[in-house]
Amino acid sequence: MASRFNPLKADAAWQKAWDENRTFAARDDSPKPKSYVLEMFPYPSGRIHMGHVRNYTMGDVLARFRRMTGHEVLHPMGWDAFGMPAENAAMERNVHPGNWTRQNIATMKAQLKRLGFALDWTRELATCEPEYYGHEQALFLDFLEAGLVYRKESAVNWDPVDMTVLANEQVIDGRGWRSGALIERRKLSQWFLKITQFADDLLRGVQGLEHWPDKVKLMQENWIGKSQGLQFRFALAANEIGASEVEVFTTRPDTIFGSSFVAIAADHPIAQKLAVDSAEVQTFIERCKQGGTTAAELETQEKLGFDTGLRAVHPFDSTLNLPVYIANFVLMDYGTGAVFGVPAHDQRDFEFATKYALPIRRVVSDGDKTDPAFTDTEAYSGPGTLVNSHFLDGMDVADAKREVITRAEAGGWGNGQTVWRLRDWGVSRQRYWGTPIPIIHCDACGPVGVPRDQLPVTLPEDVSFDVPGNPLDRHPTWKHVDCPSCGAPARRETDTLDTFVDSSWYFIRFASQPKDRPFDKAVAEQWLPVGQYIGGVEHAILHLLYARFFTRALQHIGKLDVAEPFGGLFTQGMVTHETYKAPDGRWLSPEEVRSGKVVETGETVTIGRIEKMSKSKKNTVDPEPIVDQYGADAVRWFMLSDSPPERDLEWSENGIEGAWRFVQRVWRVVDAEPSVAGGENLELRKLLHRTIKGVADDVEALHFNKAVAKLFTLVGAIEKAAPSADRDAAARTLVLLVSPMIPHLAEEAWVRLGGEGLIADAAWPEVNPALLVDDEVTIAVQVNGKLRDTLVMPKGAAKDIIEAAALASDKIVRLLEGNMPKKVIVVPDRLVNIVL
RNA sequence: GCGGACGUGGCGGAACCGGUAGACGCCGGAGACUUAAAAUCUUCUGCCCCUCGGGGCGUGCGGGUUCGAGUCCCGCCGUCCGCACCA
């Protein structure tokens, strides 16, 4: 008798069975080939959202599939548990960040469990626990000892009301996002990690990441931003402030004879010196600092310059003196904070020179124009031959660059130089809810590392958030300690580490978690690198770059012999939903809307763009009630259907309904009475084997939507097939094929079919290659490239036989009207094209 | 501005290496079962002509290469993403 699959009962029962059997616990000592599947661990914000569900479903399918294909799979889960939201909650609701976070973790863990993910919960970790961050502190000290950590004064965004440092994203129109206070630039002593020391390695390493999306690789390359050129000094003509030279960096030393000015940043030391005695300079510098740094503002912002009266002497022609300007477009923190301007060959310089009537001199010919007078309306920055450049004339750009660098080095006034866009990583945060930086400041000894036997430096629990500022800093006792070096009274560092540090090595700790050290080298190396890492593109730059840096830094100090942490990377698309607005302009949630009307008031709703689910637009769908209603399998199936995983998936009621129907269809197929009739069905058997092969290939390539389509086709074919032994076999195999995607139903069906053990431990079905080849093929018959007929022929039929058959077809005979074709093209097993 | 991705029915999307465009799903139409509904099943469903045979058009637009182009080349248009005064 046909029954229905009841996810309410099945989900919980099988989740319990997997738990009790420790089915998904990864064994370090397994002889099987190892496979590490990892999704980016979540921030415990409160509840699981659809983005998590999609992300973890994809990883789960791959993890389960890898298990079926004979791998020992590590598929762990943990919590990126430090960060600002916990402190915000503490301030708003007077709860302790730790309680708030741990409560969220408990909630979200329960939610994840209800989706039946094949996770190794024995390795669960939370970055906010001393068992994790204590080891991070040890790594920090390792890096400190290895010279990879240093302390430097650095400007920060300071909110004077909240008395805290803000990230750039938290500064909106120059004001603190929370307090609304005008933000000050303050200089604070901060800790930095020397990521720039690895800039070249990180850049070169990108090339080797074959299983990363090109897009992400490119973003990393651009972020690292390598520029090669010449750094050199201009001598300055005698002047009142006693500056003798100004150093500039250029990627176009070849154009040196086209330079007509030097420009320095507003905060360049020379500008600062000039400002001391000049109100005019002070005013100009102030003006430069105004104006935002947003894209739109920069686009429209005028190039401003101030002629300092200083004159720079051209290194190759001492009779040539270039005016030195302070300019608002020169950045102090890139290169040397000073540039020389070549208006003919740089658009920005061109605009500046036009505005201040500076000479524009052509030194690179674009092929036909060689005249020094430059009359074009925009700069020419393409390739060409040097002209009007003395000894460089006739060289191409690359040769001229080399020549100038050689001469500069020989003359002792400059050097070939590589400049990076990448900055060292400032990791100090003036916050409570983060990893305490294990440093003690002593007046006599300076900053001293906390002795290893005193780790972890734990966060004090008794803190209050009713006053703005860093609770660690105003804690009555916590920071008062003795210097480990000289014993004098000293102060603890009260800054904590950027949470990106926490996520820079968690994947290593997952692979190996001894109590007494961050990880065991040999064990971690068995699992690493992560075979497949899955997460959102929003982490394409920072997290992935920091994790790559950390791994290389660990390799550098000999702790781990792995260069790249993530062998394969996949960035999945977002889950989106339509947005709705009431007539008064407020956003409406999907539950408030039915058939274009506001449920309560009957007002007409404006349907807006399809956007990423977000609380502010109210277009979120909470996964939990959906799981309640349809079960985990339907939700999982929907997450995999239709949209390619790298693209956005639009949540829809119809979509989840369709997924639910599919789950029940599979159940009905399996639930059918076994055949007693026997008999065979070769077509079905062939389709089955094509599907085994196809689904495996698709899952391996993360093309879940294609795998889903193939499974739909197979289910449809089984439904239509008359009872036979082949049909029974197909139904049984189907259960194996869908088991990575809808594992609860698969377990339930496995029992019903008399399968042994858990299907989670079953092997992926074998493909019979003989069944993948067809002995008959359909051949398209075209006339002048247009399809006119099809023929069914034995596979591998000879060309002349196919041609004869095509020409003999009724339709073709009619179309030919007795004419001879000019040409007949035959592609064996594919098509015939008759050209008239 | 620089860099990148993409553009296929009403919708999400398939289409290996240039070889039958629209698989599969959703929506929609018609029908079966039912007192009725739900569920389920059958069937149709790119557009336009047409007398049932069939014909024409069709992968953002305009060209080109080819026996043959969604796929390759050139030029446009549009959407999205990243970076951004980077010397």
Side-chain angles (χ1 to χ4, degrees), chain A residues 2 4 213-223 225-227 229-231 248-253 255 263 265 293-295 297-299 301-304 327-331 333-342 346-349 351-352 378 419-422 537-538 540-541 571 637-638 641-644 646-650 652-659 661-662 664-665 668 697 703 705-716 719-720 778-791 811 814 821-827 829-836:
Chain A
R4 277 189 125 196
D214 289 340
K215 177 187 169 161
V216 175
K217 292 206 276 187
L218 208 76
M219 282 162 74
Q220 294 238 331
E221 283 171 0
N222 291 340
W223 190 262
K226 183 179 188 175
S227 294
L230 171 68
Q231 188 162 319
V248 301
F249 173 74
T250 178
T251 55
R252 293 296 303 273
T255 62
T293 50
T294 65
E297 283 171 299
L298 287 174
E299 195 71 26
Q301 201 170 15
E302 211 181 345
K303 307 257 177 291
L304 294 176
N328 64 343
F329 62 83
V330 182
L331 306 173
D333 58 359
Y334 185 79
T336 60
V339 298
F340 73 87
V342 184
D346 180 283
Q347 185 58 26
R348 191 196 48 210
D349 296 346
E351 286 167 28
F352 189 78
E378 56 181 39
V419 166
W420 304 88
R421 186 188 173 281
L422 185 67
V537 234
E538 65 272 21
I541 298 177
T571 53
W637 186 257
F638 178 53
S641 307
D642 293 344
S643 284
E646 67 278 10
R647 286 202 218 162
D648 290 350
L649 170 72
E650 195 194 344
S652 77
E653 204 61 35
N654 285 329
I656 184 69
E657 291 279 354
R661 273 200 298 275
F662 176 79
Q664 294 300 338
R665 268 174 81 188
R668 281 195 301 275
D697 290 350
H703 294 158
N705 57 320
K706 296 189 202 173
V708 160
K710 290 184 174 90
L711 289 165
F712 264 116
T713 307
L714 179 62
V715 170
E719 284 170 340
K720 287 192 178 64
T778 306
I779 291 176
V781 184
Q782 300 178 333
V783 176
N784 290 337
K786 280 191 206 287
L787 181 72
R788 296 298 172 182
D789 201 2
T790 55
L791 301 170
K811 284 183 194 166
R814 209 178 320 131
K822 272 196 199 132
K823 196 171 172 186
V824 178
I825 283 137
V826 180
V827 182
D829 295 341
R830 279 220 173 259
L831 59 69
V832 180
N833 191 10
I834 298 161
V835 185
L836 289 181

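What you are looking at is a predicted structure, and each value in this text was computed from that prediction instead of being measured. The chains referred to below are lettered A, B, ... by the order of the sequence lines, with proteins before strands, and numbering in each begins at 1.
Distance OG1/A:Thr790 to NZ/A:Lys811: 7.0 Å, rounded to 0.5 Å. Rounding to the nearest 0.5 angstrom, the gap separating the CZ atom in A:Phe352 from the NZ atom in A:Lys303 is 10.0 Å. Within the model, atoms CZ of A:Arg665 and CZ of A:Arg661 stand 9.0 Å from one another, a figure rounded to the nearest 0.5 Å. With rounding to the nearest 0.5 Å, the separation of CZ in A:Arg421 from CG in A:Asp333 is 10.0 Å. Annotation: the span from A:Asn222 atom CG to A:Leu422 atom CG amounts to 12.5 Å, rounded to 0.5 Å. The NZ atom of A:Lys710 lies 9.0 Å from the CG atom of A:Asn705; values are rounded to the nearest 0.5 Å.
As rounded to whole Å, 10 Å separates atom P of B:A84 from atom CG of A:Asn222. Distance, A:Trp223 CH2 to B:G82 C1': 10 Å, rounded to whole Å. The nearest whole Å value for the distance from the CG atom in A:Asn784 to the C1' atom in B:G55 is 16 Å. Counting to the nearest Å, the C1' atom of B:A14 and the CD atom of A:Glu646 are 13 Å from each other. Taking atom CD of residue A:Gln220 and atom C1' of nucleotide B:G3, one finds them 15 Å apart after rounding to whole Å. A:Gln347 has its CD atom 16 Å from the C1' atom of B:C86, to the nearest Å. Atom CZ of A:Arg421 is separated from atom P of B:C2 by 17 Å (rounded to the nearest Å). Taking atom CG on A:Asp333 and atom C1' on B:C86, their separation rounds to 10 Å, with Å as the unit.
Each of A:Glu719 and A:Glu650 has a nearest nucleotide on RNA chain B; the 5'-most of these lies closest to A:Glu650. When each of A:Met219 and A:Leu331 is assigned the nucleotide of RNA chain B with its nearest heavy atom, A:Met219 is the one assigned upstream, toward the 5' end.
Considering every non-hydrogen atom in both A:Asp829 and A:Ile779, the closest pair reads C-CG1, 4.1 Å. Closest approach of A:Leu331 to A:Ala265, counting heavy atoms only: C-CB, 4.0 Å. Closest of all the heavy-atom pairs between A:Gly785 and A:Asn833 is N-OD1, 2.9 Å. Of all heavy-atom pairs between A:Thr336 and A:Val248, the closest is OG1-CA, 3.2 Å.
Base orientation at B:C17 is syn, since its O4'-C1' glycosidic dihedral falls within 90° of 0. Taking the syn range as angles within 90° of 0, the glycosidic angle of B:G53 is syn. Base orientation of B:G25: anti, the glycosidic angle falling outside 90° of 0.
Nucleotides B:U20 and B:U65 place their P atoms 22 Å apart, quoted to the nearest Å. Separation of the C1' atoms belonging to B:G31 and B:G12 is 28 Å when rounded to the nearest angstrom. If you take atom P in B:C24 and the same atom in B:U42, they sit 13 Å apart, rounded to whole Å. With both ends at atom C1', the span from B:C41 to B:G60 equals 40 Å, rounded to whole Å. Atom name C1', nucleotides B:U51 and B:A5: the rounded distance is 50 Å, in whole Å. Between the C1' atoms of B:A37 and B:A32, the separation comes to 16 Å (whole Å). Atom name C1', nucleotides B:G7 and B:U71: the rounded distance is 14 Å, in whole Å. Taking atom C1' in both B:U35 and B:A21, the straight-line distance is 47 Å, to the nearest Å.
Classified by interplanar angle (parallel below 30°, tilted 30° to 60°, perpendicular above 60°), the ring pair A:Phe662/A:Trp637 is parallel.
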Dot-bracket encoding per residue of RNA chain B, Watson-Crick/G-U cut-off under 3.5 Å, | denoting interstrand: (((((((..(((......[....))).(((((.......))))).((((....))))..(((((..]....))))))))))))....

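On a pure distance criterion of 3.5 Å, a polar donor-acceptor pair joins the side chain of A:Arg348 and the base of B:A87.
Among the atoms of the strands shown, base atoms are found under 4.0 Å from some heavy atom of A:Val330.
Taking side-chain N and O atoms only, A:Lys215 has no distance below 4.0 Å to OP1 or OP2 of B:G4. A close approach under 4.0 Å does occur between a side-chain nitrogen or oxygen of A:Arg788 and OP1 or OP2 of B:G56. Applying the 4.0 Å criterion to OP1 and OP2 of B:G13, one finds that A:Arg647 has a side-chain N or O inside that range.
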Where protein sits on nucleotides 18-30 of chain B, one letter per nucleotide: B base, S sugar-phosphate only, - none, heavy atoms under 4.0 Å: -BB--BSSSS---

